[in-house]
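Every chain is numbered from 1 and lettered A, B, ... according to where its sequence line falls, protein lines coming before strand lines.
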There are 2 protein chains.
Amino acid sequence: MTENNNIERCEVTAIHEDVVEAVRETMPPEEKLFSLAEFFKVFGDTTRIRILYALFQSDMCVCDIAYLLGMSQSAISHQLRVLKQAKLVKFRKEGRVVYYSLDDDHIKSIFDQGYQHISERDTD
Amino acid sequence: MTENNNIERCEVTAIHEDVVEAVRETMPPEEKLFSLAEFFKVFGDTTRIRILYALFQSDMCVCDIAYLLGMSQSAISHQLRVLKQAKLVKFRKEGRVVYYSLDDDHIKSIFDQGYQHISERDTD
DNA sequence: ACAATATATGAATACTTGTTCATATGTTCA
DNA sequence: TGAACATATGAACAAGTATTCATATATTGT
């Protein structure tokens, strides 16, 4: 009558099977969760974060970004490719110079909320 | 008179030094950018994303989470430690069972925005 | 005190990832 | 056409990370 018969050994079975099944119902599809992790993975690198913050302010060419961040042109170019594939930045070519700019409206507010989190956390 | 004297060779110097210096002024401190990357890194893994989505719905013990996600108790325990260190989850002990729950208000809305981004992106 | 069990953790391993180095591509200017 | 230059890219390497395995810790019930 109480919460019996769910209980077996852990490792294999759940302790509260009712809770587990209820939660399972609400889980988004695996594929969406995977995409979401992929999306956030892009923000999990200081170089890419710095590039995006720079682009908040102004469109910039590869060379300028490299100079600003004190990094090699190659390193920046590789990271811009990651950002491009994630559709976070777009680019336009002017002669041999390529200007990158933001291609997403959510980034800033996502960053702001992250910023808020770490600020609150660090004052505890 | 035009945009001269900024221009030297890339790799070493910037093409638009004025732009670079203007952007440099607005960059948040390195330490903050680093923390931000650390913060998002936590979301860059499917297992942790899945754990957090589960906890959106209900507090859960380690064993139930492992069962729900079809993973080992050890793997879940390791990941919960990461989430704990990031102050994203908290826990309470009841006997030998440890219940984890969310410890942050921003997570859901950050996830929602990420979700929105990938949805928009995938319909282009 | 002892067996059973829920969780935590250190070490090892396989995999991923960021940067560098060398080089390729494509554009401009003489 | 050729030299200079901005950017892109593949391969290699180093550093980081997620999971497993074995085991430790702590709690419960007998």
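- Rounded to whole angstrom, the span from the NZ atom of A:K84 across to the P atom of D:dT7 amounts to 12 Å.
- For B:I15 and C:dT28, the CD1 to C1' distance is 13 Å, given to the nearest whole Å.
- Counting to the nearest Å, the C1' atom of C:dG18 and the NZ atom of B:K41 are 10 Å from each other.
- Comparing B:A75 and A:A75 along DNA chain C, the residue whose closest nucleotide (by nearest heavy atom) sits nearer the 5' end is B:A75.
- The stacking criteria are not both satisfied for B:H78 over the base of D:dT19, which would need a centre-to-centre distance under 5.5 angstrom and an angle between ring planes under 30 degrees.
- Contact annotation: side chain of A:S74 to base of C:dC21, donor-acceptor pair present below 3.5 Å.
- Remark: P of C:dT5 and NZ of B:K93 are 18 Å apart, rounded to the nearest angstrom.
- The distance from atom CG of A:L80 to atom P of D:dA8 is 7 Å, rounded to the nearest whole Å.
- Here B:E30 does not pair with B:K32 in a salt bridge; the nearest charged N to carboxylate O distance is not below 4.0 Å.
- Ring geometry for B:F40 against A:F40 counts as parallel: the plane angle stays under 30°, on a 0 to 90° scale with 60° as the upper cut.
- For the pair B:S72 and D:dT19, the criterion of a side-chain N or O lying under 4.0 Å from OP1 or OP2 is not met.
- Taking only distance into account, the side chain of B:Q79 never meets the base of D:dA18 through a donor-acceptor pair shorter than 3.5 Å.
- Remark: P of C:dG18 and CZ of B:F34 are 13 Å apart, rounded to the nearest angstrom.
- Note on A:F56 and A:Y100: same hydrophobic cluster, where clusters join Ile, Leu, Val, Met, Phe, Trp and Tyr whose side-chain heavy atoms are under 4.5 Å apart, directly or indirectly.
- Nearest to the side chain of B:R96, among C:dA6, D:dT20, D:dT9, sits C:dA6.
- Considering only the side chain of B:V62, C:dA8 comes nearest among C:dA8, D:dA8, D:dA6.
- The nearest pair of heavy atoms linking B:T47 to B:L69 is O-CD1, 4.3 Å.
- Side-chain contact between B:L33 and B:M27: present, with at least one pair of heavy atoms (C-beta onward) separated by less than 4.5 Å.
- Comparing atom distances between the A:R81 side chain and each of C:dA8, D:dC21, D:dT9 picks out D:dT9 as nearest.
- One can place CZ of A:R48 at 16 Å from P of C:dT16, the figure rounded to the nearest angstrom.
- Between the CE atom of A:M71 and the P atom of D:dT7 there is a distance of 15 Å, given to the nearest Å.
- As judged by a 4.0 angstrom heavy-atom cut-off over every strand, B:Y99 is placed among residues making no nucleic acid contact.
- Nearest-nucleotide positions on DNA chain C for A:V82 and B:Y100 put B:Y100 closer to the 5' end.
- A donor and an acceptor atom sit less than 3.5 Å apart, one in the side chain of B:Q73 and one in the base of C:dA8.
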